[in-house]
Amino acid sequence: MQENTGPLTVLALHVLIALATEPRHGYAVIRDIEDRTGGELRVRSGTLYVALQRLAHEGLIEEAPAEAGADPRRRYYRLTDSGRAAAEAEVSRLGRLVGDARRRFGFAGTGGRR
């Protein structure tokens, strides 16, 4: 297991957010990301599974036991404590970045226009 010490990729952060409240299988992670982004971020299954493998290797997620009655062919994933900490650190970092950008560009709203 390798420890992640730098910023997360956009996809990695979205995966960790998708797993923040409950374990999910890959397709459910894809649907969560698409739903939360209003379809702006569409993830292909091959791309997702590479990201899941990397996040597991880094110790940020792990396989979770399937719920009773779940399709036994599906793999479920959940956040680890390290994954939650990495997501929290990245959200904090991005919050500082957005705050700085708003100050520098002189806009306070979410639309980005003065």
Side-chain angles (χ1 to χ4, degrees):
M1 174 175 36
Q2 176 184 344
E3 186 172 319
N4 184 325
T5 57
L8 297 172
T9 65
V10 170
L11 179 56
L13 180 58
H14 276 284
V15 170
L16 297 181
I17 292 168
L19 298 175
T21 57
E22 64 185 353
R24 295 180 192 263
H25 54 78
Y27 181 70
V29 170
I30 288 171
R31 294 292 310 155
D32 181 82
I33 292 169
E34 288 182 4
D35 290 347
R36 276 187 299 101
T37 64
E40 287 182 14
L41 181 58
R42 294 189 179 271
V43 182
R44 294 179 184 236
S45 59
T47 302
L48 176 71
Y49 286 103
V50 168
L52 290 171
Q53 286 178 332
R54 188 174 47 62
L55 291 169
H57 178 73
E58 292 174 354
L60 303 180
I61 65 171
E62 62 189 6
E63 276 196 48
E67 297 176 5
D71 185 340
R73 295 171 294 180
R74 292 189 171 184
R75 287 186 177 171
Y76 284 76
Y77 300 90
R78 65 180 169 205
L79 275 181
T80 62
D81 290 341
S82 294
R84 185 169 300 281
E88 289 173 358
E90 184 67 3
V91 168
S92 179
R93 184 188 73 78
L94 290 172
R96 290 188 307 273
L97 175 65
V98 168
D100 183 49
R102 286 183 174 171
R103 282 187 300 281
R104 288 176 185 238
F105 287 108
F107 55 84
T110 59
R113 302 231 184 250
R114 289 193 242 185

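A quick note: this is a predicted structure, and the numbers were derived from the prediction, not measured.
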L48 CG to R44 CZ distance, which is reported to the nearest 0.5 Å = 13.0 Å

Stepwise side chain to side chain contact (heavy atoms under 4.5 Å, CB included) check, R36 with I17 = CA-CA 10 Å; R36 276 187 299 101; I17 292 168; 3.5 Å; yes

Rounded to the nearest 0.5 Å, what's the gap from OG on S45 to CG on L52? Could you check?
-> 10.5 Å

So R78 and L19, side chain to side chain contact (heavy atoms under 4.5 Å, CB included) or not? Walk me through it.
-> CA-CA 6 Å; R78 65 180 169 205; L19 298 175; 5.8 Å; no

Can V91 be reached from V98 by stepping across I, L, V, M, F, W or Y side chains whose heavy atoms are under 4.5 Å apart?
-> no

Report the distance from atom CD1 of I33 to atom CD of E40, rounding to the nearest 0.5 Å.
-> 13.5 Å

Shortest non-hydrogen contact between V29 and A18, atoms and distance = CG1-CB, 4.1 Å

Give a yes or no on whether V50 and L11 share a hydrophobic cluster (residues Ile, Leu, Val, Met, Phe, Trp, Tyr; joining criterion: side-chain heavy atoms under 4.5 Å apart).
-> no

Group every Ile, Leu, Val, Met, Phe, Trp and Tyr by side-chain heavy-atom contacts under 4.5 Å, then state whether V15 and L41 land in the same group.
-> yes

What are the two closest non-hydrogen atoms of L8 and A86, and how far apart are they?
-> CD1-O, 3.8 Å

Distance-minimising heavy-atom pair for G83 and L16 | O-CD1, 3.8 Å

How long is the span from the CZ atom in R24 to the CG atom in D32, to the nearest 0.5 Å?
-> 4.0 Å

In short, ring pair (Phe, Tyr, Trp, His ring centres under 6.0 Å) pairs touching residues 26-48 with sequence neighbours left out are none

How many angstroms lie between atom CD1 of I61 and atom CD of Q53, to the nearest 0.5 angstrom?
-> 9.5 Å

Hey, does the side chain of S82 reach the backbone of L60 with a donor-acceptor pair shorter than 3.5 angstrom?
-> no

Pairing residues for E63 by the side-chain contact (heavy atoms from CB on, under 4.5 Å) criterion, not counting sequence neighbours | R75, Y77

When you check the gap from the basic side-chain N to the acidic O, do E88 and R84 get nearer than 4.0 Å?
-> no

Could you give the distance from OH (Y76) to CG (D71), rounded to the nearest 0.5 Å?
-> 7.0 Å

If you measure from the Lys or Arg side-chain nitrogens to the Asp or Glu carboxylate oxygens, is any gap between D100 and R104 under 4.0 Å?
-> yes

Begin from the C-alpha positions of H57 and R54 and carry the test side chain to side chain contact (heavy atoms under 4.5 Å, CB included) through to its verdict.
-> CA-CA 5 Å; H57 178 73; R54 188 174 47 62; 5.5 Å; no

Please lay out, stage by stage, how V43 and H14 fare under the test side chain to side chain contact (heavy atoms under 4.5 Å, CB included).
-> CA-CA 10 Å; V43 182; H14 276 284; over 6 Å; no

